Number of protein chains: 2
Amino acid sequence: MSDLLERLRARGWRMTSQRRVVAQVLDGDHTHLTADEVHARSARLLPEISRATVYNTLGELVSLGEVIEVSTDGRAKRYDPNAHHPHQHLVCASCGMIRDVHPTGDPLADLPAQERFGFTVSEAEVTYRGLCPACA
Amino acid sequence: MSDLLERLRARGWRMTSQRRVVAQVLDGDHTHLTADEVHARSARLLPEISRATVYNTLGELVSLGEVIEVSTDGRAKRYDPNAHHPHQHLVCASCGMIRDVHPTGDPLADLPAQERFGFTVSEAEVTYRGLCPACA
DNA sequence: TCTTGACTGAGACTCTGTCCATCGTAGGAT
DNA sequence: ATCCTACGATGGACAGAGTCTCAGTCAAGA
Ligand SMILES: [Mn+2]
Ligand SMILES: [Mn+2]
Ligand SMILES: [Zn+2]
Ligand SMILES: [Zn+2]
């Protein structure tokens, strides 16, 4: 993530102050922010940045594979810059806190051929739910 | 599911024509309907049923554990009456088609204690994604 | 049959996200 | 250094999904 701007430039991206700021916000330890949270933090650095631009930029980062879209709660999607390290998520059912987790084994291997119904299965997304220490 | 109405009555639920119709709709082979789809089908049987009542009833069935809420696509939640048979979902990334699948092994067992960060983990939800035969 | 509190309905409202027309500017060309 | 222009940004309208309110209705026990 640290040289995201370099990679984007190499891909022929036009570098604007808005895109720089969004990348900078995601680059903190602020993983799993909603689009509106990204917008709020970006607006502290660049007050006029618009919601549409944040949505556009996030969408583009997702299609480039630089950011992962996570929707654990049926509410706002969250944007995860930790895209180059495969992982799953552990969510507190009470306060919504999210942690990255690394289960052993490959979830895809647990889906036998006769349970694939002819699909070309490419991805398995696991969400663990429970109560965090503070909420338990 | 077939004696859902009995179970609800036993739990002291007031039985209204609206609730009966929603249960009847869910009881078909129509699994994974959205709230609006449930509303549309219910309205064929009881034309003046309101959206609010459908949402209320679905929410209550979920808290009673009679129906499972599934959100596989960040769009409308889907309501799954197949709540008494643990299963996971396989989703076509192109057309959105959903199939129930039964992976081998317990996904919870794949999350070692040091990856639980003190959480009381109670559930693991797996979404497999890929392309269905028609879309591939 | 009467009573009463739980349930329903209509629509306003909130939240999340998309679209569009117009304006601004990054970065190559000169 | 300046110019050009296609691509990006903006703000507001719009759309989809879901929640809330409160007056009116009715299921079910007495
Ligand atoms: Mn993550
Ligand atoms: Mn299902
Ligand atoms: Zn918590
Ligand atoms: Zn398909």
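Numbered from 1 within each chain, the chains take letters A, B, ... in sequence-line order. Fair warning: this is a prediction, and the values are worked out from it, not measured in the lab.
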To the nearest Å, give me how far apart [atom1] ([X]) and [atom2] ([N]) are.
{"X": "B:Arg78", "N": "D:dG16", "atom1": "CZ", "atom2": "C1'", "answer": "13 Å"}
{"X": "A:Glu37", "N": "C:dC15", "atom1": "CD", "atom2": "C1'", "answer": "14 Å"}
{"X": "B:Lys77", "N": "D:dT19", "atom1": "NZ", "atom2": "C1'", "answer": "11 Å"}
{"X": "B:Glu48", "N": "D:dT25", "atom1": "CD", "atom2": "P", "answer": "14 Å"}
{"X": "B:Leu5", "N": "D:dA27", "atom1": "CG", "atom2": "P", "answer": "15 Å"}
{"X": "B:His39", "N": "D:dG16", "atom1": "NE2", "atom2": "P", "answer": "16 Å"}
{"X": "A:Arg20", "N": "D:dA9", "atom1": "CZ", "atom2": "C1'", "answer": "14 Å"}
{"X": "B:Asp36", "N": "D:dA15", "atom1": "CG", "atom2": "P", "answer": "16 Å"}

Worksheet item: Do NZ/NE/NH1/NH2 and the carboxylate oxygens of B:Arg99 and A:Glu115 come within less than 4.0 Å?
Response: no
Practice prompt. For the pair B:Asp73 and B:Arg78, find out whether any cationic side-chain nitrogen is under 4.0 Å from an anionic carboxylate oxygen.
Written response: no
Answer with yes or no whether the side chains of [Y] and [X] bring together a donor and an acceptor at under 3.5 Å.
{"X": "A:His32", "Y": "A:Asp100", "value": "yes"}
{"X": "A:Glu123", "Y": "B:Tyr128", "value": "no"}
{"X": "A:Thr31", "Y": "A:Asp80", "value": "yes"}

Worksheet item: Would a distance-only check, ignoring hydrogens and angles, find a side-chain to backbone donor-acceptor pair under 3.5 Å from A:Glu37 to A:Thr34?
Response: yes
Worksheet item: Side chain of A:Arg19, backbone of A:Arg14: donor and acceptor closer than 3.5 Å?
Response: yes
Item to complete: Using only side-chain N and O atoms of A:Arg75, determine if any of them is under 4.0 Å from OP1 or OP2 of C:dC15.
Response: no
Worksheet item: Given D:dT10, is OP1 or OP2 found less than 4.0 Å from the side-chain N or O atoms of A:Gln18?
Response: yes
Worksheet item: In residues 49-56 of chain B, which ones come under 4.0 Å of DNA chain D, going by heavy atoms?
Response: B:Arg51, B:Ala52, B:Tyr55
Item to complete: Classify every nucleotide of nucleotides 24-30 of chain C by which part a protein heavy atom approaches to under 4.0 Å, writing B for the base, S for the sugar-phosphate alone and - for neither, in 5'-to-3' order.
Response: BBBS---
Discussion item. I need the A:Glu69 CD to A:Lys77 NZ distance, nearest 0.5 Å.
Written reply: 4.0 Å
Discussion item. Go nucleotide by nucleotide along DNA chain D from the 5' end; which of A:Gly12 and B:Ala76 gets its closest nucleotide reached first?
Written reply: A:Gly12
Discussion item. Angle between ring planes, B:His102 versus B:His87, binned at 30° and 60°: parallel, tilted or perpendicular?
Written reply: tilted
